[in-house]
There are 2 protein chains.
Amino acid sequence: MSNKNRRHTKTQQMVLDYFENTDGAVSHEMVEKSLGDSMNRVTIYRILNRFEEDGIVHKIVGDDGVSYYARCESACDHDHHHDNHIHFRCEKCNSINCLEQSISIDLPKNYQMTNINFLITGICASCNKE
Amino acid sequence: MSNKNRRHTKTQQMVLDYFENTDGAVSHEMVEKSLGDSMNRVTIYRILNRFEEDGIVHKIVGDDGVSYYARCESACDHDHHHDNHIHFRCEKCNSINCLEQSISIDLPKNYQMTNINFLITGICASCNKE
DNA sequence: GTAACTGCAAAATATTTGCATCCTT
DNA sequence: AAGGATGCAAATATTTTGCAGTTAC
């Protein structure tokens, strides 16, 4: 389903590097703030969409309505990037990270699952100190 | 925190009735399609926001980026409408409903939770038959 | 050389705000 | 009558699309 002919470009590599050097999930806004001088905002949209389409990252939509992207774990293949652990979004520092806890899902009969989006919002430990 | 002086109006009652007569969660678009002739789209935005603010409904953000609203269970009070069960969004019929399964959350030390958003996307049983 | 990728402008969507008016209390 | 709620227009975001120019392969 997914593998179009993709090309390796500088811009994409920069975004990949950004993922590599960033803890937790990443939003369009964050990429733009970081790399916006080197590339157009539209390009960022397109790169993020492409990455998701290709299974390189998965998307987590926050209860703030913002889309965050995180590199997929090894387990992800191109058509299934299920992600049955919980993400935590800190309202203060606006980071999204994975919690250890993972969920075993008990879907009712005849239900079929294509995507999981588990998100808890609140204050993370480091922000809670202050 | 929440109780402003609210007034009882026809428009709001219509939206409430719509919730009552609809299974599962409801999006702005659905309300507008249903009641758009009787009220302005902006009014719908404001009513839905107000309802959420007042704890009358809670918001679930789909991985499609769309906000859905569902009437709160009895357990909800004004400041805490935690909703630790899983919602299921059907990509075909675009309904959102609650699954029975609820999740016990095991938050790491010093984490503080303000909101839960558990959503599985896929095909529901009735759509899966066809 | 071909087709993917990018940048810019513009279009399409989605949501919010200002303000005059209407309606609940 | 005071101020919350609504409608309309306009302002803000946010995301997508068209197309020409550029670059990877």
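Throughout, protein chains are lettered first and strands after them, A, B, ... in sequence-line order, and every chain is numbered starting at 1.
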Could you tell me the separation between the CZ atom of A/Arg50 and the P atom of D/dT15, rounded to a whole number of Å? 17 Å
Full working for side chain to side chain donor-acceptor pair (under 3.5 Å) between B/Asn117 and A/Asp63: CA-CA 7 Å; B/Asn117 197 78; A/Asp63 51 355; over 6 Å; no
Between P of D/dT6 and CG of B/Leu48, the distance in whole Å: 11 Å
Relative to the ring of B/Tyr45, is the ring of B/His28 parallel (under 30°), tilted (30 to 60°) or perpendicular (over 60°)? parallel
Footprint string (nucleotides 19-25 of chain D, 5' to 3'): B base within contact, S backbone only, - free, heavy atoms under 4.0 Å: -----BS
I would like to know whether A/Asn94 and A/Tyr68 meet side-chain contact (heavy atoms from CB on, under 4.5 Å); could you show each step before the answer? CA-CA 11 Å; A/Asn94 238 296; A/Tyr68 295 86; 3.0 Å; yes
Determine: side-chain N/O of A/Tyr45 to OP1/OP2 of D/dT15, distance under 4.0 Å, yes or no. yes
Within a reach of under 6.0 Å around CG of A/Asn21, are more than 12 heavy atoms found that belong to other residues, nucleotides or ligands? yes
Take A/Tyr69 and A/Phe51 through the side-chain contact (heavy atoms from CB on, under 4.5 Å) test and state the conclusion after the steps. CA-CA 9 Å; A/Tyr69 300 84; A/Phe51 280 2; over 6 Å; no
Would you sort out whether A/Ile96 and A/Leu119 count as a side-chain contact (heavy atoms from CB on, under 4.5 Å), showing the intermediate values? CA-CA 9 Å; A/Ile96 292 204; A/Leu119 182 70; 4.3 Å; yes
Check each residue of residues 33-43 of chain A for a non-hydrogen atom within less than 4.0 Å of any atom in DNA chain D, then write out the ones that pass by number, or none. A/Arg41, A/Val42
Return the OG1 to CG distance between B/Thr11 and B/Leu16, rounded to the nearest 0.5 Å. 10.0 Å
Using a cut-off of 6.0 Å, state whether more than 12 heavy atoms not belonging to A/Glu29 lie near its atom CD. no
Examine D/dT16: is either OP1 or OP2 under 4.0 Å from a nitrogen or oxygen in the side chain of A/Asn49? Give yes or no. yes
Got a second to check how far B/Asp64's CG is from B/Arg89's CZ, nearest 0.5 Å? 3.5 Å
Just verifying a value: how many Å separate A/Arg46 CZ and A/Met39 CE, rounded to the nearest 0.5 Å? 13.0 Å
Contact interval (first through last nucleotide) of DNA chain C with protein chain B, 4.0 Å heavy-atom: C/dA14 to C/dT25
